[in-house]
There are 2 protein chains.
Amino acid sequence: MLLGRVARMYYEHGLTHQEIADTLGVSRIRVTRLLAEARETGVVEIIVHVEESLFADDERDLAAAFGLRQVWISPSVADEQKAARAFASVGAEALAAKLEPDAVVALGLSTAVALVAEEFPDHPLAASFVPVAGSVSGLVNGANPHELALAFARRTNGRAFHLPAPLLAASPEAAAASLADPGVREVLELAARADTLVAGIGGTARGQGLLLSSLGDAERERLLADGAVGDLAGRFFDADGDAVHGALDARVVGLGLDELRAIPNRLGIARGETKLAALRTALSSGLVNLLVTDSDTARALLAG
Amino acid sequence: MLLGRVARMYYEHGLTHQEIADTLGVSRIRVTRLLAEARETGVVEIIVHVEESLFADDERDLAAAFGLRQVWISPSVADEQKAARAFASVGAEALAAKLEPDAVVALGLSTAVALVAEEFPDHPLAASFVPVAGSVSGLVNGANPHELALAFARRTNGRAFHLPAPLLAASPEAAAASLADPGVREVLELAARADTLVAGIGGTARGQGLLLSSLGDAERERLLADGAVGDLAGRFFDADGDAVHGALDARVVGLGLDELRAIPNRLGIARGETKLAALRTALSSGLVNLLVTDSDTARALLAG
DNA sequence: GGGGATCGTGTACATTTGTTCACAGGAATG
DNA sequence: CATTCCTGTGAACAAATGTACACGATCCCC
């Protein structure tokens, strides 16, 4: 158990990597790596005994300003990679806090949610994870709803459901056909009865989000003309938070905005300047009642 | 609660000191210090989940070779300060392992024991701490038996006893007078009934230990001539582990070697080349049956 | 048995962390 | 009111830690 000896020498006796390497007859770099492994595998556990959250003030203020049930804020950092991980881990914390054993969780398609899945701690609570919309083909990272559900299910020892349909059908008719499929229908019905929705919130800037980037400019213009300011789990909404019906909307295979709104816990996960407008609407119109964002976005929302 | 926020940003989100400083608007150096404080005060707790001890093999071997009940080994490091702290913390661990609630602990005068007291964790078990010998005047650090007992008592919410007498009386007659004092007698009687003795083991090299360094060269030569190889809690012993009686011994105010030997748990705390001979004798003659030492000393003992 | 991927390793470097020092403000003391 | 002694602060430096890269071994597949 070299790992354990190294970990104890470092954390309990305060020796340096070099000193440990010398007494144990291995290279310093190896000690460095063993220590990293010890932290990752949980051999070394670091607990911060603090009840209050990092941005308690802003969280309280945001909840009050938009009538939200609870808000979680992650620290914004210049290093984007680090910021993303921190954001995801706060998202995971938020979801874990709302998740009860045997819960049914509806999952929106979103890179943010995918990152949360990565960071989700291994807690066996046997929940069910259900996509609220179909898959996008040609996704590089595993952000497809099904994979996402699988990732969550693996970590919670729960069940993952598959929605055998595309997010965006070729035509309204094709979408209707998909929705009529018993396999699709069943899963969507389950999603509609979920206790908790976890979804990203998308803006309308070019190239934003998984759905928009798969569309052409023409379709995007039409959406904007129809008053769209953002989307929640594949459904666009206008400045009042009402659904933007139209050619695009009819092609989406998934729960409608009203069905999403009927889910009791609606956790929105989003950050960044490009999402501010969409966020403001989603929050003030009650599309989501739980929010995970980062400190910069939080401050911008409060300032607005 | 700046401390807590900093600690969480660092340990839970992996931000660097600089990044934390930027988001919180304080200097990086302040973050560094807050983090150190968080670790010291226990706001941040680091647990290494490893059952086996660092030098399990050597500990087993040493116990077998000298017929000891248990052995604890701390890592030897070039950095003397660090080595001393590691040694002391292992000593504290050892003592804590042997200490039961309401135990009576006899304390030998020794810098090693003093360091252990510093590192002793705050565990309320209401033990009594009793010196086995009188005080040395003009000690810089707080290694006097009474202070030592106080330090332990404070950390365990226990009781400290004071032996109102010098370690070394001016004459055998003065020592006898001290011993006849009811206050002294009472405390020593309590010490003799202790469950556990904690004492350093001293060598006979010049300047070694608190007792020897307070003697002149002549007295040291006499001791050597009488066959002394080391001391335990102020009492010198010869190569057989028997007491070296004589002018010096008669002036010591404290428990005799036989009384010390009658204490069930006898924890010896010593390390270093200069103590090897004394240690060998103390171990093989059964003066102590529990040992705390460092890895270099352990290896030397095993090699001999 | 050769080619290629993969893993573990250490070197050299970049980054992060910790420490020393000198200074400034504020409380205690003359 | 001046002086001294703190305590807390950051700048500059020293040390420790982490990372990119390149090398060699091993395993696997052809």
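In what follows, chains are A, B, ... by sequence order, proteins preceding strands, each numbered from 1. Values below: all heavy atoms of this structure, side chains included; hydrogens, waters and symmetry mates excluded.
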Undergrad: Measure from CD on A:Gln81 to C1' on D:dG18 and round the result to the nearest Å.
TA: 14 Å
Undergrad: From CG of A:Asp79 over to C1' of C:dA14, roughly how many Å is that when rounded to an integer?
TA: 14 Å
Undergrad: Taking atom P of C:dG18 as reference, at what distance in whole Å does atom CD1 of B:Ile20 sit?
TA: 11 Å
Undergrad: How many Å lie between NZ on A:Lys82 and C1' on D:dT19, as a whole number?
TA: 13 Å
Undergrad: Does a donor on one side chain and an acceptor on the other come within less than 3.5 Å for A:His17 and A:Thr32?
TA: yes
Undergrad: Using a cut-off of 4.0 Å on non-hydrogen atoms, how would the nucleic acid contact of A:Arg30 be classed: base, sugar-phosphate, or nothing?
TA: sugar-phosphate
Undergrad: In whole Å, I'd like the distance from the CD atom of B:Glu37 to the P atom of C:dT19.
TA: 15 Å
Undergrad: OP1 or OP2 of D:dA16 sitting under 4.0 Å from any side-chain N/O of A:Tyr10?
TA: no
Undergrad: Ignoring hydrogens and angles, does a donor from either the side chain of B:Arg39 or the base of C:dT17 sit under 3.5 Å from an acceptor on the other?
TA: no
Undergrad: Would you call the rings of B:Phe152 and B:Phe129 parallel, tilted or perpendicular, taking 30° and 60° as the class edges?
TA: parallel
Undergrad: Closest approach to the side chain of B:Arg33, judged atom by atom: which nucleotide of D:dA11, C:dT16, D:dC21 is it?
TA: D:dA11
Undergrad: When the distance from CZ of B:Arg28 to C1' of C:dG18 is rounded to whole Å, what number comes out?
TA: 8 Å
Undergrad: Within the pair A:His17 and D:dG18, is there a side-chain N or O less than 4.0 Å away from OP1 or OP2?
TA: yes
Undergrad: Using heavy atoms to find the nearest nucleotide of DNA chain D for A:Thr32 and B:Ser27 separately, return the residue whose nucleotide is more 5′.
TA: B:Ser27
Undergrad: Checking A:Arg5 against B:Phe55: charged group under 6.0 Å from the ring centre and within 45 degrees of the axis?
TA: yes
Undergrad: Tell me, yes or no, whether the heavy-atom count around B:Glu80 atom CD, taken from other residues, nucleotides or ligands under 6.0 Å, exceeds 12.
TA: yes
Undergrad: Step through the shown structure and confirm whether more than 12 heavy atoms of other residues, nucleotides or ligands are within 6.0 Å of CD on A:Glu273.
TA: no
Undergrad: Can you tell me how far C1' of C:dT17 sits from CD of A:Gln18, to the nearest Å?
TA: 17 Å
Undergrad: For A:Ile29 and D:dA16, what is the distance between atoms CD1 and P respectively, to the nearest whole Å?
TA: 15 Å
